[in-house]
Amino acid sequence: MTKRYWLLKSEPTTFSFDDLKTSSGKKTSWDGIRNYQARNIMRDDMKIGDLGFFYHSSCPQPGVVGVVEVVSKPYPDHTAWDKKSNYYDPKASPENPRWVMVDVKWKEDFKNFVPLEIIKATAKLGKMKVVQKGMRLSIQPVTKDEFDVICKLGRQKK
DNA sequence: GCCAACGTTGGC
DNA sequence: GCCAACGTTGGC
């Protein structure tokens, strides 16, 4: 089974990379995904051991801050039937969960933040979904090549 | 705060 | 099954 690579968007005001690092066990459940494409990726394609970029979106400096690892299989997102949750979905229930999530764990801090600006300016990364106009998908596949290029940018000394 | 692009909903 | 209306995303 080949390892796959992903990009996970999060709004730092909601849940930042620092929040992940201060979570117990440095891990969190990736809840609140309410988009079928993103759900299907978690349900069908993500495997334990896959790596993902933690991407900050909707903020002054969008970009990749570090790397996380998928550490669970997909399981029902119980926030969907929690009326008090921001992610409440009246069509979901324990019998018919509708939404799933996985657990992800902190893996690596980048020495250098890799801003969207740089990703856009890097020819090899031009096909990434995150640089495409109107691309709103919050969980995106990343190729091994793209993963390696961004890791190199993130790890190099200033 | 703006607004373009996108996904979802619901009436027909 | 179409498609207009609406809500959301997310860079700027």
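Letters go in sequence order (proteins before strands), and every chain restarts at 1. All values derive from a computational prediction rather than experimental measurement.
If you measure from atom CG of A/Leu7 to atom P of C/dG10, you get 10 Å, rounded to the nearest angstrom. Between A/Lys120 atom NZ and C/dG10 atom P the separation is 13 Å, expressed in whole Å. Straight-line distance from the OH atom of A/Tyr36 to the C1' atom of B/dC6: 16 Å, rounded to whole Å. Atom NZ of A/Lys9 is separated from atom C1' of B/dG7 by 13 Å (rounded to the nearest Å). Distance A/Ile119 CD1 to C/dG11 P: 10 Å, rounded to the nearest Å. Protein atom CD of A/Glu11 is 10 Å distant from nucleotide atom C1' of C/dT8, rounded to whole Å. B/dG7 atom C1' lies 16 Å from atom CD1 of A/Ile139, rounded to whole Å. Taking atom CG on A/Leu116 and atom P on C/dG10, their separation rounds to 12 Å, with Å as the unit.
For the contact set between residues 81-102 of chain A and DNA chain C, defined by any heavy atom under 4.0 Å, there are no members. Non-hydrogen atoms lying under 4.0 Å from DNA chain B are contributed by A/Lys133, A/Gly134, A/Arg136, all within residues 127-137 of chain A.
A tilted orientation is assigned to the rings of A/Phe17 and A/Phe54, their planes being inclined by 30° to 60°.
Counting only N and O atoms by type, the side chains of A/Asn96 and A/Ser93 include no donor and acceptor under 3.5 Å apart.
Taking 4.0 Å as the cut-off between side-chain N and carboxylate O, A/Arg34 and A/Asp89 do not count as a salt-bridged pair.
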Distances under 3.5 Å between protein N/O atoms and the N/O atoms of nucleotides 2-5 of chain C, please, pair by pair.
none

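For the side-chain contact (heavy atoms from CB on, under 4.5 Å) with A/Ile139, the qualifying choice from A/Asp45, A/Leu8, A/Leu7 is A/Leu8, the only one to do so.
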